[in-house]
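Here's the structure we're looking at; comments come further down.
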Amino acid sequence: MKEKIVPLITNSAINKRLDEIAEEIMRDYKGKTIDMICVLKGGVIFMVDLARRINLPVKISFMSVSSYGSETKSSGNIKILLDLDESIEGKDVIIIEDIIDSGRTLNLLGEFLLNRNPNSLKICALLDKPLRREVKVNVDYTGFTIPDEFVVGYGLDYDQRYRNLNYIGVISFEDE
Ligand code: IMP
Ligand code: MG
């Protein structure tokens, strides 16, 4: 199979949108310290580029999670592959994620982190595919709303590849 990538969101569109989101976050968190939690691995590139635009104290940390099989209806469990190394109690936390698809990951992660009593907890996602939503998620900051297509680039992978593209594209497969 030959992989073909058709550009969907250019690097300059991403940069412009990140400037806007950073402005919005700076307004909302004026005078505060932000604890950013990046969901590995897809959120990494988005988080570092966003954090560099924010002129407030920002701390960064990482989590890696997998939600138990979306194929099982009883899925209400999240598996923490990498946990935080500091308490978030009383902190102002923003979860940084690459994309919200079914919504399962963020729904479960949000609940998990709320149990640790942060002062506030918001969600910031680069991409949102609302047509795929299975469970409700309140997203506070969204980069782009996209159609139900599989996308790669700017942190998002297909089979762990393409995360390093500086734009976002739709991947498709053709017989050679
Ligand atoms: P959710 O729990 O279904 O919302 O899963 C979201 C996760 O699925 C994301 O963090 C991505 O890792 C992955 N994902 C969903 N859609 C795409 C896509 O179009 N490209 C790459 N990864 C995706
Ligand atoms: Mg992800």
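Atoms considered below: every heavy atom in the structure, side chains included; atoms not considered: hydrogens, waters and symmetry mates. Just follow the structure's listing: the first ligand is 1, and inside any ligand the first atom is 1.
For the 3.5 Å distance criterion, the side chains of Y154 and D49 qualify, holding a donor opposite an acceptor. N11 and N15 form a side-chain donor-acceptor contact under 3.5 Å, judged by distance and modelled atom types alone.
For ligand 1, the atoms closer than 4.0 angstrom to any heavy atom of D157 are 21 (C). Heavy-atom proximity to K129, at under 4.0 Å, picks out these atoms of ligand 1: 16 (N), 17 (C), 18 (C), 19 (O). For ligand 1, the atoms lying closer than 4.0 Å to a non-hydrogen atom of T105 are 1 (P), 2 (O), 5 (O). Within the listing of ligand 1, atoms 19 (O) sit less than 4.0 angstrom from a heavy atom of E149.
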Does the salt bridge (charged side-chain N to carboxylate O under 4.0 Å, His left out) test come out yes or no for R116 and D83, once each step is laid out? CA-CA 12 Å; R116 293 181 173 178; D83 203 346; 2.6 Å; yes
Audit row: D92, S120, side chain to side chain donor-acceptor pair (under 3.5 Å) steps and yes/no: CA-CA 5 Å; D92 293 298; S120 66; 2.6 Å; yes
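Using cut-offs of 30° and 60° on the angle between ring planes, the pair Y158 and F150 is perpendicular.
Screening I5, V6, L8 against V151 for a side-chain contact (heavy atoms from CB on, under 4.5 Å) leaves a single residue, L8.
Taking distance alone, with nitrogen or oxygen atoms compared against 3.5 Å, L156 stays at or beyond that limit from ligand 1.
Residue contact check for ligand 1: G103 places a non-hydrogen atom closer than 4.0 Å to it. Ligand 1 is never approached by E134 to a heavy-atom distance shorter than 4.0 Å. The shortest heavy-atom distance from R132 to ligand 1 is not under 4.0 Å.
Salt bridge absent: R27 and E24 never bring a charged side-chain N and a carboxylate O closer than 4.0 Å.
The side chain of E97, and not its backbone, has at least one atom closer than 4.0 Å to an atom of ligand 1 (non-hydrogen atoms only; side chain from C-beta on). Of the heavy atoms in D98, only side-chain atoms (C-beta onward) come closer than 4.0 Å to ligand 1. Here D101 has heavy atoms under 4.0 Å from ligand 1 in both its backbone and its side chain.
Counting heavy atoms of neighbouring residues, nucleotides and ligands inside a 6.0 Å radius, atom CD of Q160 exceeds 12 of them.
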